Amino acid sequence: LQIFHNWSFDGHLLANHGIEILGHRSGDTVHMARLWDTSRQGRGGYKLSSLMQDLLGWGKTDMKEVFGRFKLKKDGTPGKVVYLPDSLTLQTDPNVTMFEKWIHYSTYDTICTWYLYFSLRKELENMSWSPDAIVYENELLKMRADRTLFTFYDCFWRPFGQILTDMERKGMYIDKDYLYQQAEKAQEDKEKRTESFMQWVRSLCPDGKYININSNPQKRHLLFSSITEPDDAGSREPHMRTFQVDNKVEEEEEREEEEGEEGEVLFLSPPRSKRSISLLGLALTPVAYTATGQASTAGQVIQKLAGKPFASPPSYGTAFKDLGGGEEGKAACEALASLLEGEAIEKLLSTFLLPLPEQTDEASRIHTSLNINTETGRLSSQRPNLQNQPALEKDVYRMRKAFSAPPGRKLIIVDYGQLELRIMAQMTGCRSMLDAFEQGGDFHSRTAIDMYRYIAEAVERKEVLLEWNSHDGAPPAPMLKDKFASERRKAKTLNFGIAYGMTKMKVARDWGVSLEEAEETIQTWYSARKEVKQWQEEVIERARRTGYTETFLGRRRYLPEINGRDGVGRGHAERAAINTPIQGGAADIVMMAMLKLRGEERIRRLGWRMVMQIHDEIILEGPEETAEEVFPLVRACMEQPFDSPLSVELPVDGSIADNWYEGK
DNA sequence: GCATCATGCAA
DNA sequence: TATTGCATGATGC
């Protein structure tokens with residue numbers, strides 16, 4: 001038996017030293033533990049020590065406790081901070097006691113992993129497993145007699161774990177030069193935008209040009225602070241507050257230029273790392289508040305304050321009126337709009353453009369860590385997170401072009417269309433949803449048709465078109481999604497919102513309508529989809545009874561709070577109960593598709609490998625010559641993840657591309 | 001150095 | 001009080 005506690009880590013470590021472990025990996029106790037109980041975060045998590053304590057009552061000291069050393073202070077005396085020396089230092093420590101400790105620790109670690117496997121295996125074997133009937137059509141499963149959660153682990157998650165490790169090792173190729181080039185552009189654009197914002201702040205108070213646009217407290221003070229409560233007329237008095245900001249190099253240079261005479265070297269006071277600045281409070285009316293009750297400075301808020309001052313004709317936000325209109329109001333709106341643009345570019349730079357090229361290996365490939373560590377069974381991606389790369393209009397600098405195929409190779413990028421909604425239709429058996437999917441076309445438009453009678457009639461009279469192929473020239477009538485754009489948007493919000501357990505309060509707030517109106521719209525949605533309502537009630541009821549909710553493949557998520565006394569916690573648990581089967585079910589399907597893909601010998605022999613998964617999207621890399629042959633094979637695997645069909649089709653869209661941007 | 005908060009990116 | 005994640009910068013202890 002080969003057992004690991006986090007095989008991904010050990011496997012990569014060994015592989016980095018040229019050691020390949022052959023044979024059958026029997027279990028990864030991290031994944032087994034996650035399957036056993038999804039919610040140990042905050043209760044010790046999935047560390048070997050905490051699992052040993054909870055499952056077998058064995059004490060196990062962490063490595064840091066045994067081998068931690070006090071970090072030396074500047075004067076050479078031991079400080080308070082404990083650090084862990086690297087393994088080589090520990091193994092070669094001349095102190096015999098240390099060596100023995102090392103041997104003992106490593107052996108004990110191994111023994112723990114061994115016992116943990118059997119303990120978790122027993123736990124999983126004692127948990128009933130009742131997936132959707134279709135799962136039993138699986139070839140692997142037909143050969144087995146057992147039907148417990150361990151069966152699920154052994155047949156699906158265990159091999160899936162190996163796929164993930166292989167993907168991590170393979171990594172994605174990154175065009176670094178392209179990223180450097182785009183980062184430079186972004187840097188210039190950001191400076192332009194922030195410059196005009198800072199000039200405006202300077203026009204309000206002299207220190208304004210030193211404001212840090214990344215600091216929420218500074219922005220909050222500048223925009224909303226006032227010393228007095230609003231009077232009867234709602235007006236408030238501004239006041240000043242000081243902040244410490246970094247003293248930038250350019251500012252030091254500026255100072256020398258101002259104070260130094262030509263050719264003369266001045267001994268200025270040593271550069272201070274911080275500078276005190278004093279900012280004015282404008283006492284604008286807050287638009288939203290954060291969780292801790294502070295006035296929010298989020299993008300949406302700034303957007304409301306600014307309006308669209310650069311549009312033609314311009315429209316001005318709430319800041320215009322608050323500042324008495326006129327030129328002052330106009331200047332404020334324009335400055336805030338610039339701030340917003342500057343902030344967006346800063347986000348792209350600091351989170352994506354700048355760090356990414358620093359995280360590649362010598363072959364310019366980037367290796368994320370893919371974990372099965374979510375409550376629902378989705379994957380998460382870490383260091384770096386490749387699952388949140390900007391897309392579509394947010395990808396202003398076309399970063400996705402950097403995720404590319406190396407010379408002579410191609411990417412195959414495939415994704416499911418409306419996967420979660422299709423699963424919802426499948427699980428609820430909702431006739432209306434299933435019909436809409438069978439008829440095809442834009443799903444949200446179809447929803448709008450049966451929510452609004454007048455849209456249905458307009459379609460009936462052929463006054464609007466549901467779909468039109470642009471290859472056939474201009475459409476003979478306006479498109480539904482244009483003519484009834486707001487209705488379609490509402491239908492779309494509900495389609496997704498319902499799956500998350502959206503309340504009428506949220507709908508009313510988002511759409512700016514009354515509670516009654518919001519409730520009515522939700523009722524309209526449900527009235528044609530009674531099976532959905534019924535399914536949701538049943539699922540919540542079952543969760544209350546059993547303490548857990550389960551996915552399509554029979555994975556469980558325990559929801560202890562669903563019967564608790566805390567109303568907030570209960571509400572969250574109820575929404576999780578209906579959302580997890582959908583989100584987790586989608587994750588199940590993508591996993592099955594990936595297993596099937598991995599099992600397709602033809603795809604593998606032609607040299608194609610999966611390199612990334614983004615929830616409903618899979619990216620493969622392989623040789624250019626065989627891309628055309630492999631593409632339909634990939635698609636077939638995904639469209640038929642089980643060996644017999646579901647009641648709803650799972651259409652897959654995709655393309656052969658040179659980079660991720662093209663594959664959109 | 002670490003924890004917390006606010007924010008924003010993805011599906 | 002619409003779900004699931006991760007990374008970042010600022011701030012205060």
Side-chain angles (χ1 to χ4, degrees), chain A residues 38 41 71 79-83 212-220 243-246 274 288-302 340 343-356 359 368-396 399-400 415-416 418-420 493-510 515 518 522 549 557 567-584 586-587 590 612-617 660:
Chain A
T38 57
Q41 228 68 312
K71 203 167 179 176
K80 276 186 190 166
V81 180
V82 178
Y83 77 103
N212 179 354
I213 71 152
N214 294 324
S215 164
N216 288 320
Q218 287 176 35
K219 285 185 284 190
R220 180 181 306 130
F243 292 91
Q244 300 294 311
V245 298
D246 283 345
K274 294 283 182 188
Y289 293 88
T290 69
T292 54
Q294 307 254 49
S296 165
T297 54
Q300 281 190 336
V301 169
I302 310 283
L340 209 53
E343 281 176 339
I345 302 172
E346 164 68 16
K347 176 75 178 178
L348 295 179
L349 271 168
S350 65
T351 315
F352 306 106
L353 285 163
L354 295 175
L356 270 179
Q359 290 166 285
T368 185
S369 155
L370 291 168
N371 322 290
I372 316 183
N373 65 355
T374 60
E375 291 280 0
T376 59
R378 269 190 179 188
L379 296 183
S380 82
S381 160
Q382 245 183 330
R383 287 172 302 164
N385 180 356
L386 296 187
Q387 288 181 322
N388 72 340
Q389 300 301 311
L392 306 173
E393 64 276 5
K394 288 277 174 63
D395 188 10
V396 199
M399 295 189 36
R400 286 195 176 212
D415 72 307
Y416 285 106
Q418 314 287 18
L419 181 58
E420 292 197 356
T493 305
L494 283 183
N495 282 339
F496 286 118
I498 295 283
Y500 297 136
M502 196 186 201
T503 57
K504 60 183 175 189
M505 283 73 88
K506 171 81 175 166
V507 174
R509 187 150 39 88
D510 280 10
L515 270 182
I522 295 173
T549 189
R557 174 177 179 181
V568 177
R570 213 167 48 233
H572 186 265
E574 286 172 3
R575 289 190 296 278
I578 58 176
N579 178 255
T580 296
I582 298 169
Q583 191 182 115
V590 177
M612 195 57 205
Q613 185 248 55
I614 312 97
H615 310 307
D616 62 354
E617 175 181 355
W660 201 357

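Keep in mind that what you see is a predicted model, and the values were worked out from it rather than measured. Only this structure's heavy atoms are used, side chains among them; waters, hydrogens and symmetry mates stay out. Every chain is numbered from 1, with letters handed out A, B, ... down the list of sequences.
Between the A:Arg557 side chain and the A:Thr38 main chain, no donor and acceptor come within less than 3.5 Å of each other. At distances below 3.5 Å, not a single donor-acceptor pair connects side-chain atoms of A:Thr368 with backbone N or O atoms of A:Arg383.
Following rounding to the nearest Å, A:Asp395 (CG) and B:dG8 (P) show an atom-to-atom distance of 18 Å. We find that CD of A:Glu574 is positioned 14 Å from P of C:dT1, with the value rounded to whole Å. Computed from coordinates, the A:Ile345 CD1 to B:dC9 C1' distance equals 16 Å when rounded to whole Å. Going from atom CG of A:Leu356 over to atom P of B:dA10 covers 14 Å, rounded to whole Å. Between A:Gln300 atom CD and B:dG8 atom P there is a gap of 8 Å when expressed in whole angstrom units. Going from atom NZ of A:Lys394 over to atom C1' of B:dT7 covers 12 Å, rounded to whole Å. Atom pair A:Gln294:CD and B:dC5:C1' shows a separation of 9 Å (rounding to whole Å applied). In this structure, A:Asp510 places its CG atom 7 Å from P of C:dA2, rounding to the nearest Å.
Taking only side-chain nitrogens and oxygens, A:Ser296 comes nearer than 4.0 Å to OP1 or OP2 of B:dT7. Taking only side-chain nitrogens and oxygens, A:Arg220 never comes nearer than 4.0 Å to OP1 or OP2 of B:dA6. OP1 and OP2 of B:dC9 both lie 4.0 Å or more from every side-chain N or O belonging to A:His615. Taking 4.0 angstrom as the limit, A:Thr297 places a side-chain polar atom (N or O) nearer than this to OP1 or OP2 of B:dT7.
No engagement by A:Gly571 is indicated, since no non-hydrogen atom pair under 4.0 Å with the nucleic acid exists. As judged by a 4.0 angstrom heavy-atom cut-off over every strand, A:Arg570 is placed among residues making no nucleic acid contact. As judged by a 4.0 angstrom heavy-atom cut-off over every strand, A:Arg378 is placed among the base-contacting residues. Residue-level contact check: A:Gly584 touches neither bases nor backbone, having no heavy atom under 4.0 Å from any strand. Residue A:Gln583 is in base contact, counting any heavy-atom pair closer than 4.0 Å across all strands shown.
In this structure A:Gln244 satisfies the side chain to side chain contact (heavy atoms under 4.5 Å, CB included) test together with A:Lys274, A:Ser276, sequence neighbours excluded. Shown here are the side chain to side chain contact (heavy atoms under 4.5 Å, CB included) partners of A:Arg575, two or more places apart in sequence or in another chain: A:His572. The side chain to side chain contact (heavy atoms under 4.5 Å, CB included) search around A:Asn373 returns A:Arg34, A:Asn371, A:Ser380, not counting sequence neighbours. In this structure A:Glu343 satisfies the side-chain hydrogen bond (donor to acceptor under 3.5 Å, both in side chains) test together with A:Lys219, sequence neighbours excluded. Every side chain to side chain contact (heavy atoms under 4.5 Å, CB included) that A:Pro355 has, sequence neighbours left out, goes to A:Gln359.
Checking B:dA6, C:dT1, B:dG8 against every side-chain atom of A:Val568, the shortest atom distance belongs to C:dT1. Side-chain atoms of A:Thr290 lie closest to B:dT7 of the nucleotides C:dT4, B:dT7, B:dA10. Of the candidate nucleotides B:dA10, B:dA6, C:dT4, B:dA10 has the atom nearest to the side chain of A:Ala391.
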Kindly determine whether A:Thr549 and A:Thr580 satisfy side-chain hydrogen bond (donor to acceptor under 3.5 Å, both in side chains), including the steps that lead there.
-> CA-CA 7 Å; A:Thr549 189; A:Thr580 296; 6.0 Å; no
Do nucleotides 6-13 of chain C as a string where each nucleotide becomes B, S or -: B if the base has a protein heavy atom under 4.0 Å, S if just the sugar-phosphate does, - if no protein is that close.
-> SSSSSS--
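Using P as the reference atom, B:dC5 and C:dT1 are 15 Å apart when rounded to the nearest Å.
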